[in-house]
Colleague: 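Got a structure for you, questions after.
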Amino acid sequence: MKSKKQNNIVAYTVLSIGIFLMLIPLAVTIISSFKTTKEITGNFFGLPEEWTLSNYERLFNDGIVHYFLNSAFLTVVSVGLIILVIPMAAFAIARHMDRKKVFAIMYTLLIIGMFVPFQVIMLPMAKLMSNLGMTNLVGLTILYLTYAIPQTLFLYVGYIKTIVPTEMDEAAAIDGAGRFMMYRKIIFPLMKPMHATVLIINALWVWNDFLMPLLVLNRDSSTWTMPLFQYNYQGQYFSDYGPSFASYVVGIIPILIVYLIFQKNIISGMTSGSVK
């Protein structure tokens, strides 16, 4: 009993230290967004002598709303397509892979994509998108859907095989439900924890991704996402830290809200979907 208590103390101490270390950069970023560049360089960790919104005013004048909406469109549409399309494929594979080799082979070939480094495919991908004339937000949305297939399919197939019994299919068939109606009315709602997990994972990825937008969108500044805007903005005003910190805060807030809304379902979805 004493040993268990000591282990708990050590665990909570380590967790507390970890939380503290993670909160320091966040706190510094938020505080610095209300300071002038002179105050940031003179007293980086200190509070501002006078809290100012001038950094945010400058950002809005420089058009950050446009880039924010680009990122919002890209994230909402990409994640929506991921949750709409991939579970259907996962359901078909999960129900047939044990009886039909073609589904097992298909599943194996698709999840192999998890082990292919992005650096291997990024140059052929950029050239292909350029040749197809898809160096825009719609093209990047399709890329995100495609690149999300391996990991997301793996999670959904594991979740369906573990949590959703085949008896539900049989009961729905007896009641006269067709395959699609059974999926839409019964199977899809049962996957809510996994939907939340997939939403958080992919929303964080798409919203914060820098490399794919850099390869696909950097030619046209009107299609920049928030990370691209922040990168180019910081490069343009390298010595002016105030607006840069303000842009980081604007980029953090939306995805933090989404995470707080759905975080209760993440652990259950991940544990259920990754273990058969």
Colleague: When rounded to the nearest 0.5 angstrom, what is the spacing between NE2 in H96 and CZ in F91?
Modeller: 8.0 Å
Colleague: ring-ring contact (aromatic ring centres under 6.0 Å, His included) for Y56 and F34? Distances and angles first, verdict last.
Modeller: CA-CA 8 Å; Y56 291 95; F34 295 99; 5.4 Å; yes
Colleague: Taking all non-hydrogen atoms of both residues into account, name the closest pair between Y156 and H195 and its distance.
Modeller: OH-ND1, 2.7 Å
Colleague: Would you name the heavy atoms of E39 and E49 that are closest together and state the gap between them?
Modeller: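 Looking at all heavy atoms of both residues, the closest pair is OE2-N, 2.9 Å.
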Colleague: Side chains of V157 and I111: closer than 4.5 Å at any heavy-atom pair?
Modeller: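 Side chain of V157 against side chain of I111, heavy atoms only: no contact under 4.5 Å found.
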Colleague: Examine M88 and M181 and state if one hydrophobic cluster contains both, with Ile, Leu, Val, Met, Phe, Trp and Tyr joined whenever side-chain heavy atoms are less than 4.5 Å apart.
Modeller: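 They do not share one cluster, since no chain of ILVMFWY contacts under 4.5 Å joins M88 to M181.
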Colleague: Out of curiosity, L228 CG to D220 CG, how far, rounded to the nearest 0.5 Å?
Modeller: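 Going from CG on L228 over to CG on D220, the span is 11.0 Å.
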Colleague: Closer than 3.5 angstrom, by distance alone: can the side chain of S78 be matched with the main-chain N or O of T75 as a donor-acceptor pair?
Modeller: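 Checking the backbone N and O of T75 against the side chain of S78, no donor-acceptor pair under 3.5 Å is found.
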Colleague: If hydrophobic clusters are built from ILVMFWY residues whose side chains come within less than 4.5 Å, do V76 and V250 share one?
Modeller: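 In one cluster with V76: V250, no.
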Colleague: Between the main-chain N or O of V79 and the side-chain N or O of N202, is there a donor-acceptor pair closer than 3.5 Å?
Modeller: no
Colleague: How long is the span from the CG atom in N55 to the OG atom in S33, to the nearest 0.5 Å?
Modeller: 7.0 Å
Colleague: How far apart are the closest heavy atoms of P189 and K185, and which atoms are they?
Modeller: CG-O, 3.4 Å
Colleague: Among residues at least two apart in sequence or on other chains, which ones pass side-chain contact (heavy atoms from CB on, under 4.5 Å) with S221?
Modeller: W224
Colleague: For side-chain hydrogen bond (donor to acceptor under 3.5 Å, both in side chains), just list the numbers for Y233 and S244, CA-CA rounded to whole Å, side-chain angles, deciding distance to a tenth of an Å, and then say yes or no.
Modeller: CA-CA 7 Å; Y233 194 76; S244 296; over 6 Å; no
Colleague: What is the distance from atom CZ of F118 to atom CG of L211, rounded to the nearest 0.5 Å?
Modeller: 4.5 Å
Colleague: Say whether, by atom type as modelled, one donor and one acceptor occur between the side chain of S71 and the main chain of F68 under 3.5 angstrom.
Modeller: no
Colleague: Yes or no on side chain to side chain contact (heavy atoms under 4.5 Å, CB included) for L143 and L140, after CA distance, side-chain angles and deciding distance?
Modeller: CA-CA 5 Å; L143 273 182; L140 188 54; 4.2 Å; yes
Colleague: From I255 CD1 over to L260 CG, what is the distance, rounded to the nearest 0.5 angstrom?
Modeller: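 Between atom CD1 of I255 and atom CG of L260 there are 10.5 Å.
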Colleague: Looking only at heavy atoms, which two atoms of N136 and G139 are closest? And how far apart?
Modeller: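 That would be OD1-N, 2.8 Å.
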Colleague: With the 4.5 Å side-chain cut-off for hydrophobic clustering, are L109 and V85 part of the same group?
Modeller: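 Cluster IDs for L109 and V85 differ.
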Colleague: So do the side chains of P48 and I31 get within less than 4.5 Å of each other, counting heavy atoms only?
Modeller: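 Counting from C-beta outward, P48 and I31 do come under 4.5 Å.
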Colleague: Rounded at 0.5 Å granularity, tell me how far CD1 in I86 sits from CG in L110.
Modeller: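 So the CD1 of I86 and the CG of L110 are separated by 9.5 Å.
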Colleague: Does M114 have more than 12 heavy atoms from other residues, nucleotides or ligands lying within 6.0 Å of its CE?
Modeller: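 Correct, the count exceeds 12.
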Colleague: Search all heavy atoms of F210 against all heavy atoms of P213 and return the closest pair with its distance.
Modeller: O-CD, 3.4 Å
Colleague: For the pair L155 and I201, evaluate side chain to side chain contact (heavy atoms under 4.5 Å, CB included) and give the outcome as yes or no after the intermediate values.
Modeller: CA-CA 11 Å; L155 291 173; I201 292 173; 4.2 Å; yes
Colleague: Would you please classify the geometry between the Y248 ring and the F245 ring as parallel, tilted or perpendicular, with 30° and 60° separating the classes?
Modeller: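 Ring orientation of F245 relative to Y248: perpendicular.
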Colleague: Group every Ile, Leu, Val, Met, Phe, Trp and Tyr by side-chain heavy-atom contacts under 4.5 Å, then state whether I253 and I200 land in the same group.
Modeller: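 Yes: a chain of side-chain contacts under 4.5 Å links I253 to I200.
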Colleague: Could you check whether any side-chain N or O of T37 sits under 3.5 Å from a backbone N or O of Y241, counting only pairs where one atom can act as donor and the other as acceptor?
Modeller: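 Yes, T37 side chain to Y241 backbone: donor-acceptor pair under 3.5 Å.
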Colleague: Should F188 and I83 be marked as a side chain to side chain contact (heavy atoms under 4.5 Å, CB included) after you check the CA-CA gap, both sets of side-chain angles, and the distance that decides it?
Modeller: CA-CA 10 Å; F188 189 81; I83 294 177; 4.1 Å; yes
Colleague: Kindly indicate whether the side chain of R95, heavy atoms from C-beta on, has any atom under 4.5 Å from the side chain of I160.
Modeller: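 In short, these two side chains touch, coming nearer than 4.5 Å.
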Colleague: Report all side-chain donor-acceptor pairs from residues 120-133 shorter than 3.5 Å, counting only partners two or more places apart or in another chain.
Modeller:
from : atom 1 : to   : atom 2 : distance (Å)
S130 : OG     : R219 : NH1    : 3.4
N131 : ND2    : K127 : O      : 3.3

Colleague: Hey, is the main chain of F44 close enough, under 3.5 Å, to the side chain of K35 for a donor-acceptor pair?
Modeller: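 At least one qualifying donor-acceptor pair exists.
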Colleague: Show, in sequence, the C-alpha distance, side-chain angles and deciding distance for Y67 and Q230, and conclude whether the side chain to side chain contact (heavy atoms under 4.5 Å, CB included) test is met.
Modeller: CA-CA 10 Å; Y67 307 108; Q230 291 165 342; over 6 Å; no
Colleague: Is there a chain of hydrophobic side chains (I, L, V, M, F, W, Y, each step under 4.5 Å between heavy atoms) that links L153 to I105?
Modeller: no
Colleague: How close do Y159 and L190 get, counting heavy atoms only, and between which atoms?
Modeller: OH-O, 3.3 Å
Colleague: Would a distance-only check, ignoring hydrogens and angles, find a side-chain to backbone donor-acceptor pair under 3.5 Å from N61 to E57?
Modeller: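 Between the backbone of E57 and the side chain of N61 there is a qualifying donor-acceptor contact (under 3.5 Å).
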Colleague: Should we count CZ of F60 as having more than 12 external heavy atoms under 6.0 Å?
Modeller: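 12 or below, so no.
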Colleague: Below 30° counts as parallel, above 60° as perpendicular, anything between as tilted: where do the rings of W205 and Y147 land?
Modeller: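 The rings of W205 and Y147 sit tilted, inter-plane angle from 30° to 60°.
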